[in-house]
Amino acid sequence: MDLTATGSVPERGVAVDVDELRAAVATATTVSTVGGRTHWEVGGAPPEHAVEVSAPGGVTKYDPADLTVVVNAGTTCAELGAVLAAAGQECPLDPRSGRATVGGALAVGLSGHRRLRYGPLRDYVLEVRFVTADGRLVTGGGPTVKNVTGYDLPRLLVGSLGTIGVMVRVILRCQPLAAVAEWTVTDGDPFDVRRRTFRPSCIVWDGHRTHVLLEGVPADVAGERAAIRSEPSPAPIWPDGPHRGRLSVRPGLLPALAPALDGTGVHWLAEVGVGTVHVASDSDTGLARARAIAEGAGGWMLREHGAPALDGFGSARPNPGMTERVRAAFDPTGKLSPGRLGPVRG
Amino acid sequence: MRAFISDLQAALGSDGARAEPLELSLYARDAGIARGDAAAVCFPRTRDELIAAVRVAARHRRPFVARGSGTGLAGGATPVGGPLVIVTTRLNRILEVDAAERVAWVEPGVLNLDLSRHVAHLGLHYAPDPSSQSACTIGGNVATNAGGPHCLASGVTAAHVLAVEVVLADGSVTMLGGLEPDQAGYDLRGCFVGSEGTMGIATRVAVRLTPNPPAVRTLLLDFVTIEDAAATVSGIIAAGIVPAALEMMDAEITRAVEDYVGAGYPRDAAAVLLVEVDGLDAGVAHQVAVVERVGTEHGARTVRIAADERERSLLWKGRKSAFGAIARIAPDYYLHDAVVPRTKLVEVLQQVYAIAHEQQLTMMNVFHAGDGNLHPLIVFDAREPGVWERVHRAGDEILAACVAAGGVLSGEHGIGLEKREAMPLVFSPDDLDAQARLRDAFDPSGLANPEKILPRGSRCGELQRVPEGAWI
């Protein structure tokens, strides 16, 4: 089925035919890959003069009995979700906005709120096809759900922010939709909630109340809800504001960091058991204070939106040397999304 | 060479490094069939000794090969080109267990099953469970991105490794990944897992521990045709159930296992399915009902649910002893590992049996059916003239059939030495060049486990000289 007509192609994209895309990338001196622009600011926008390219859209092959789907990278997550839901399945990419493209969500690499149960985004990518800096088409991974044939290029591409290649098509692992998905809320201790529940999909805590997403068959969901003395509730409200980021810290440190976070005046919501803390602030100084807390705890903070004075990642970047070696191996002239993954070199 | 050995012994002690012919012969191969030629073998006892061994190799420009228990079947730990074999089995300490965060730091030589036993009293386990789990090491599991029956729902090793401290080929030490989620930048940890020792050696590993499920049910279904069993596998997945494990054994292996273990497997079945579901009570009951229904619809003769933990353990013991059982049938075996889309199981299995029949070989199948991971097992007597040629021919044809059905070369054993020349069946020259770039970024020297995974000619530069100043 071809869904390219339903709006998956970004307005400003210049090439959606793969051969045109290859030629555009090969001849450009600076390339910027455009998805749905829902996370455009992550890592910092590339230079103005960059040639903008986009991947084609559309679900190209889907066999529900295999629990895998072949999807062009320019397809929006909403569109993919609708196709899978029609067969009672899903792929838990869970981007903040359904307008995000599959390729964009993977390139940014931010896992969704159900990571506690389903694991990080990268665990769902079986195969990736991308255009290299010199315009070649490369496939890594494979179409099967289990595969150790060669080096794991799919994992390398997830979170690479367009600096390894331009993703054009991926094969994703799907899973059956749960019979019931229900948010509940409790005043109980979130770590106690974690101990008392089996495979909860998400536990978020704002320092006062704990929201829990339970998925499963109705009797189990009701049983878990009762076990943690919680009540059905609407989904939690994710922190939003002109300045936004996400902290990444060891999950066990959350109780110790909560008072400090309260002191910064930012809105925050922590994913218990994962270690992601979503923060939003009316001022960029609030975000800077939150970053200092994360870095003081051995973690880091990604600037997601706003706060233009802040560096995209902060100073606590792991392995800059190895990162640069890998980047240079794939893009020796630095043409692909320069600046996205830290300062432009040389 | 003498200087190399004496430098090693200076770093690891005289009993820490050996180069006697008998020692070298013991480490010339893993559980696969290829033999190699080690120049020396060493046995570091500490992280510092492991790092020192790599530094000695780097200083002498000597290739090195990391080796855990040597249970790999693809020749990944086979020494090629006179390398130093670095055996990690003395690095077997569980360094730290954090029950609240569900994380353990372990040395690379810790045995897979030892880790699960060590944390059992906390209600936790280490989820990847290769059949060799009582013998294989976590470091080896990281190198091969090992799987196991219970990886169907819980994912293979890559999904359970949070961080790896690695000594690179130049002797420098670096941390890949971390305990905080979604590190900035590339997933270097994900690149390292499954790289078969070609990017460096893990000095310690942080693994995720998994809570034991509150309810578990193990079902044994038996069938009069193998096609019915395979169709049941596809039917269960299509019905929206991803069991914790879904294993198939054909008639020959079922009989062999039953004779060996006495687990109560039906000796007259054409195929059996071992299905395990877990979770909370109602969900488990639902899954059991679906598996029973789908099995019955596809002609299951009986559906037996293990009554207690003893019966469940016995059924699993049978499955995991399969390779011990076949030793009673013929002296040699050759085990394949390929994956096909689950919807192609029936047709590929038919082809696999036809290939064995044509080559007049005895073939058994015991495999991870739920994720399409086939393990055709050829048993033979190597003393029979000409049999090796037929075994190899059958292997090549089986791989070709799997690839033609949309499959891949290996699901969990790795490419190693054995399958490197088959890589062009699934990857183009550009694909292989990209993989070589990633490998070389980690190890520009090429000293870390050379001649593995990538076939000769994978790098564009190996095929043709490139004009200076151009990049390809």
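Chain A is the first sequence line, chain B the second, and so forth, proteins listed ahead of strands; every chain is numbered from 1.
- For Asn373(B), the part sitting under 4.5 Å from any heavy atom of chain A is the side chain, from C-beta outward, and nothing else.
- Contact annotation: the side chain of Asp430(B) never approaches that of Leu137(A) to less than 4.5 Å [non-hydrogen atoms, C-beta and beyond].
- To the nearest 0.5 Å, atoms CG (Leu438(B)) and CZ (Phe330(A)) are separated by 5.0 Å.
- Residue contact with chain A, scored on non-hydrogen atoms closer than 4.5 Å, involves the backbone and the side chain of Leu179(B) alike.
- Under the 4.5 Å side-chain criterion, counting only non-hydrogen atoms from C-beta, Met322(A) is not in contact with Tyr186(B).
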(message) Run the side-chain contact (heavy atoms from CB on, under 4.5 Å) test on Asp152(A) and Phe192(B) for me, step by step, so that the C-alpha distance in whole Å, both residues' side-chain angles and the decisive distance to 0.1 Å come before the verdict.
(response) CA-CA 8 Å; Asp152(A) 201 335; Phe192(B) 184 84; over 6 Å; no
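- At a 4.5 Å heavy-atom cutoff, the contact between Asp63(A) and chain B is made by side-chain atoms alone.
- Looking at Arg189(B), only its side chain comes within 4.5 Å of chain A, counting heavy atoms on both sides.
- Only the side chain of Met199(B) comes within contact range of chain A, judged by heavy atoms closer than 4.5 Å.
- By the 4.5 Å heavy-atom criterion applied to side chains, Pro341(B) and Thr68(A) are not counted as neighbours.
- Using a 4.5 Å cut-off between heavy atoms, Leu168(B) touches chain A through its side chain atoms alone.
- Residue Glu224(A) touches chain B through its side chain alone, counting heavy-atom pairs closer than 4.5 Å.
- The candidate with the highest count of non-hydrogen atom pairs below 4.5 Å against chain B, out of Arg115(A), Gln89(A), Gln175(A), Arg195(A), is Arg115(A).
- Within the 3.5 Å criterion, the main-chain N or O of Ser410(B) finds a donor-acceptor partner in the side chain of Thr149(A).
- When heavy atoms are compared at a cutoff of 4.5 Å, Val249(A) approaches chain B solely by way of its backbone atoms N, CA, C and O.
- Across Pro444(B) and Arg325(A), no two heavy atoms sit closer than the pair CD-NH2, 3.7 Å.
- A heavy-atom distance below 4.5 Å is found between the side chains of Pro143(A) and Val408(B).
- In terms of heavy-atom pairs under 4.5 angstrom with chain A, the leader among Gly123(B), Gly178(B), Gly235(B), Gly279(B) is Gly279(B).
- With a 4.5 Å cut-off on non-hydrogen atoms, Leu302(A) does not touch chain B at all.
- The candidate from Leu177(A), Thr163(A), Val221(A), Leu253(A) with the greatest count of non-hydrogen atom pairs under 4.5 Å with chain B is Thr163(A).
- Ranked by heavy-atom pairs under 4.5 Å with chain A, the list Ala422(B), Ser428(B), Ala158(B) is led by Ala158(B).
- In this structure, Arg102(B) and Pro251(A) have side chains that are not in contact, with every pair of non-hydrogen atoms separated by 4.5 Å or more.
- Using a 4.5 Å cut-off between heavy atoms, Leu161(A) makes no contact with chain B at all.
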(message) Could you walk me through whether Arg136(A) and Asp433(B) satisfy the side-chain contact (heavy atoms from CB on, under 4.5 Å) test, starting with their C-alpha distance in whole Å, then the side-chain angles of each, then the deciding distance to 0.1 Å, before giving a yes or no?
(response) CA-CA 11 Å; Arg136(A) 290 182 289 169; Asp433(B) 174 67; 3.0 Å; yes
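- Each of Gly147(B), Ala436(B), Pro214(B) has some count of heavy-atom pairs under 4.5 Å with chain A, and the biggest count is that of Pro214(B).
- Looking at Asn145(B), its side chain never comes within 3.5 Å of a backbone N or O of Val148(A) through a donor-acceptor pair.
- Residue Phe442(B) touches chain A through both its backbone and its side chain, counting heavy-atom pairs closer than 4.5 Å.
- Interface summary for chain A: among Leu409(B), Asp182(B), Thr210(B), the most heavy-atom pairs under 4.5 angstrom belong to Asp182(B).
- In this structure, chain A has a heavy atom under 4.5 Å from the side chain of His368(B), while its backbone stays farther away.
- Residue Asp440(B): no heavy atom, backbone or side chain, is found under 4.5 Å from chain A.
- Proximity to chain A (any heavy atom under 4.5 Å) is restricted, for Leu188(B), to the side chain, taken from C-beta onward.
- Looking only at distances, no side-chain donor or acceptor of Arg155(A) sits under 3.5 Å from a matching main-chain atom of Cys191(B).
- Salt bridge status for Asp278(B) with Arg199(A): present, with a side-chain N to carboxylate O gap under 4.0 Å.
- The two residues Phe427(B) and Gly140(A) have their closest heavy-atom pair at CE2-CA, 4.4 Å.
- Both the backbone and the side chain of Arg194(A) come within contact range of chain B, with heavy atoms under 4.5 Å apart.
- Only the backbone of Val340(B) comes within contact range of chain A, with at least one heavy atom under 4.5 Å from a heavy atom of that chain.
- Here the side chain of Asp431(B) pairs a donor or acceptor atom with the backbone of Thr139(A) at under 3.5 angstrom.
- The greatest number of non-hydrogen atom pairs below 4.5 Å with chain A, out of Gly240(B), Gly411(B), Gly283(B), is found for Gly411(B).
- Note on Ala434(B), Ala238(B), Gly194(B): by heavy-atom pairs under 4.5 Å with chain A, the leading option is Ala434(B).
- Heavy-atom distances place the backbone of Ala100(B), and not its side chain, under 4.5 Å from chain A.
- Within the 4.5 angstrom heavy-atom criterion, no atom of Arg208(B) approaches chain A.
- Using a 4.5 Å cut-off on side-chain heavy atoms (C-beta onward), Val339(B) and Asn147(A) make no contact.
- Contact annotation: the side chain of Leu176(B) approaches that of Asn319(A) to within less than 4.5 Å [non-hydrogen atoms, C-beta and beyond].
- Arg250(A) places a side-chain heavy atom less than 4.5 Å from the side chain of Asp98(B).
- Side-chain atoms of Glu180(B) never come within 3.5 Å of backbone atoms of Ser248(A) as a donor-acceptor pair (strictly under, hydrogens ignored).
- Distance alone, capped at 3.5 Å, places no donor-acceptor pair between the Asp371(B) side chain and the Lys146(A) backbone.
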